[in-house]
Peer 1: 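This is the structure I want to talk about, given as structure tokens.
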Amino acid sequence: MRHISMTPFGRQPVTAGLLANQALAEAPAPDSAPDKWALLRDLTAARTVFNVTDRDLAVLAALFSFHPGKELADDDALIVFPSNASLSERTHGMAESTLRRHLAALTRAGLILRRDSPNGKRYAARDRSGALDRVFGFDLRPLLIRSPEIAEAAEEARREAFALRRLREQVVIRVRDAGKLIAWAIETDMGAPAALIADLAELQRLLRRKLDIQCLATLAARAENVLDQVRSLIKTEEMDGNADVNERHQQNSKPDSYESEPCLEQQEGEAVASSAEPAMPLGLVLKAVPDILDYAPDGIRTWRDLIGVAGFVRPMLGISPDAWDSSRRVMGDAAAAIVLACMLQRAETINKPGGYLRALTSKAEAGAFSVGPMVMALLRAENGRPV
């Protein structure tokens, strides 16, 4: 026999929300019993819809672990009655005050109900025949009743998340293409308007934020516009320069006088083999400076990769070849690449990147600068960023 307690123990008042949840919990159950762990996954996907956090759901997972069986069947087992000590143990030592806060959040969200005993303790009592007679604890029946609603909300949340990922991919690719084309134009002395470079820099800054789908759609249109301008710029310059290119080609067409020049990536990374690797792991550096990964379509697996990408990003930050070469000579190739990646991560706060790099190079030459503290400061900031 299921015991139903409608009012909370102690000083906790009866509220309209509590009565509404109570009425919901008394509604007819769906025909099928949901898998409790699948239900938890759906709640995780749709947690913002139900105003619960990942920590709230961690406590709910602990409550589920006290429920026997895999499915939430409509029976007495839906009321679980773990002690605070047992709940704390299954939430990896969560403090009792924190547990109470998350349990209250789950109750407010209408996902669980409290079935309080006369003294507020959680327990189950049996009659003389051994059957459950009274059960006091947390009632999971609201989850059973709302399981179709939760599944529908989760499906919608997953569709939106998928659309958001795809749209963000489109924006990142457009921004990356525009950035690489502008960098190529600068490296080949073709040049690019300052306004166009500023527009690209603003798009790169906005991409570091967590944007909703409407903001990303606006950003995608802006990125497409910037990319179109870059394409037009390069097309115009190529047409203007065709005659000069053809003339140079005719002058150098003799087999004996053939000259080859290393590509930009080779130039940027050719000294890597002789440079000492930093003491810190590459993975740790990339965790501290994730923004540079946007400019590495094939990923960054080695220090050589990082140095090559840093060399590509360098003109986009407005750093001259002379300042970059000086930093590599003084700090070493890998350390200079780490510094540039850190500067990219903090691009919004650095007014004059070229002067900033020269200042750090001077400090390094005097033995007053190393990259370790710079990386660790960014790593602490990255770990503290809200998700």
Peer 1: Check E155 with R159, please: is the shortest side-chain N to carboxylate O separation under 4.0 Å?
Peer 2: yes
Peer 1: Tell me whether the count of non-hydrogen atoms from other residues, nucleotides or ligands lying under 6.0 Å of CD in E152 goes above 12.
Peer 2: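 At most 12 heavy atoms, drawn from other residues, nucleotides or ligands, come within 6.0 Å of this atom.
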Peer 1: Are T361 and V339 packed together at the side-chain level, in the sense that at least one heavy-atom pair is separated by less than 4.5 angstrom?
Peer 2: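 The answer is no; the side chains never approach within 4.5 Å.
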Peer 1: Nearest 0.5 angstrom please: E365 CD to S326 OG, how far?
Peer 2: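 Those atoms lie 6.5 Å apart.
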Peer 1: With the threshold set at 4.0 Å, does a side-chain nitrogen-carboxylate oxygen contact exist between R166 and E169?
Peer 2: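 A salt bridge links R166 with E169.
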Peer 1: List the steps, then state whether side-chain contact (heavy atoms from CB on, under 4.5 Å) holds for L113 with R141.
Peer 2: CA-CA 8 Å; L113 278 175; R141 196 168 190 271; over 6 Å; no
Peer 1: Would you check if R358 and S320 make a side-chain contact, meaning some heavy-atom pair closer than 4.5 Å?
Peer 2: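 When only atoms from C-beta onward are counted, S320 and R358 do touch, with a gap below 4.5 Å.
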Peer 1: Under 6.0 Å from the six-membered ring centre of Y295 and within 45° of its axis: does the NZ or CZ of K180 meet both?
Peer 2: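 That pair does not qualify as a cation-pi contact.
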Peer 1: Does D42 reach the main-chain N or O of L39 with its side chain, forming a donor-acceptor pair under 3.5 Å?
Peer 2: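 Flag not set: sc D42 to bb L39 has no pair under 3.5 Å.
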Peer 1: Quick one: does any side-chain atom of R314 pair with a main-chain N or O of W324 as donor and acceptor, under 3.5 Å?
Peer 2: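 No; judged by distance alone, with no hydrogens or angles, the pair does not exist.
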Peer 1: Can you tell me how far apart CG (L140) and CD1 (I112) are? Round to the nearest 0.5 Å.
Peer 2: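 Taking CG in L140 and CD1 in I112, the distance rounds to 7.5 Å.
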Peer 1: Closest heavy-atom contact between G110 and P142?
Peer 2: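 The pair with the smallest heavy-atom distance is O-CB, 3.4 Å.
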Peer 1: Around E89, counting heavy atoms of other residues, nucleotides and ligands shown, do more than 12 lie under 6.0 Å from its CD?
Peer 2: no
Peer 1: How many angstroms lie between CD1 in I292 and CG in L340, if you round to the nearest 0.5 Å?
Peer 2: 6.5 Å
Peer 1: If two hydrophobic side chains count as joined below 4.5 Å and joins carry through other members, does L211 share a cluster with I173?
Peer 2: no
Peer 1: Mark yes or no for whether S88, through its side chain, and N84, through its backbone, hold a donor-acceptor pair below 3.5 Å.
Peer 2: no
Peer 1: May I ask you to say whether R174 pairs ionically with D177, meaning some side-chain N is under 4.0 Å from a carboxylate O?
Peer 2: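 Judged by the 4.0 Å cut-off on N to carboxylate O distance, R174 and D177 do not form a salt bridge.
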Peer 1: Should the pair F64 and W37 be assigned to parallel (<30°), tilted (30 to 60°) or perpendicular (>60°) ring geometry?
Peer 2: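 Rings of F64 and W37: perpendicular, over 60°.
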Peer 1: Is L167 reachable from L206 through a run of hydrophobic residues whose side-chain heavy atoms are each under 4.5 Å from the next?
Peer 2: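 Same cluster.
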Peer 1: Could you check whether D291 pairs with R205 (Lys NZ or Arg NE/NH1/NH2 to Asp/Glu carboxylate O, under 4.0 Å)?
Peer 2: no
Peer 1: State, with a plain yes or no, whether a side-chain heavy atom of V285 is found less than 4.5 Å away from one of W303.
Peer 2: yes
Peer 1: Under 4.5 Å between any side-chain heavy atoms of K36 and L143, yes or no?
Peer 2: no
Peer 1: Taking the side chain as every heavy atom from C-beta outward, state whether L144 and P34 have any pair of such atoms under 4.5 Å apart.
Peer 2: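 The answer is yes, as the side chains (C-beta and beyond) meet within the 4.5 Å cut-off.
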Peer 1: Is any side-chain heavy atom of L196 closer than 4.5 Å to a side-chain heavy atom of V230?
Peer 2: yes
Peer 1: What's the spacing between L43 CG and I150 CD1 if we round to 0.5 Å?
Peer 2: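 Separation between the atoms: 4.0 Å.
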Peer 1: side-chain contact (heavy atoms from CB on, under 4.5 Å) between V59 and R55: does it pass, once the steps are laid out?
Peer 2: CA-CA 7 Å; V59 174; R55 297 272 282 172; over 6 Å; no
Peer 1: Same cluster for I350 and L200 if Ile/Leu/Val/Met/Phe/Trp/Tyr side chains link at under 4.5 Å?
Peer 2: yes
Peer 1: Would M343 and I319 satisfy side-chain contact (heavy atoms from CB on, under 4.5 Å), going step by step from the backbone distance to the final call?
Peer 2: CA-CA 11 Å; M343 291 174 61; I319 296 173; 3.9 Å; yes
Peer 1: Group every Ile, Leu, Val, Met, Phe, Trp and Tyr by side-chain heavy-atom contacts under 4.5 Å, then state whether V330 and I307 land in the same group.
Peer 2: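 In one cluster with V330: I307, no.
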Peer 1: Specify the closest pair of heavy atoms between P315 and G311, including all atoms of both residues, with the distance to one decimal.
Peer 2: CD-O, 3.4 Å
Peer 1: Counting only N and O atoms by type, is there a donor-acceptor contact under 3.5 Å from the side chain of D305 to the main-chain atoms of T302?
Peer 2: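 Yes, because the side chain of D305 sits within donor-acceptor range (under 3.5 Å) of the backbone of T302.
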Peer 1: Quick one, H67 and L78 - any side-chain contact, counting heavy atoms below 4.5 Å?
Peer 2: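 SC-SC contact between H67 and L78 confirmed.
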Peer 1: Report the distance from atom CG of L57 to atom CZ of F50, rounding to the nearest 0.5 Å.
Peer 2: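 Between atom CG of L57 and atom CZ of F50 there are 10.5 Å.
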Peer 1: Can you get from L293 to L378 by hopping between Ile, Leu, Val, Met, Phe, Trp and Tyr side chains that sit under 4.5 Å apart?
Peer 2: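 L293 clusters together with L378.
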Peer 1: Between M331 and K363, is there a side-chain heavy-atom distance shorter than 4.5 Å?
Peer 2: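 No; the side chains remain at least 4.5 Å from each other.
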Peer 1: Given side-chain contact (heavy atoms from CB on, under 4.5 Å), test L87 with L63 step by step and report yes or no.
Peer 2: CA-CA 7 Å; L87 268 179; L63 289 176; 3.8 Å; yes
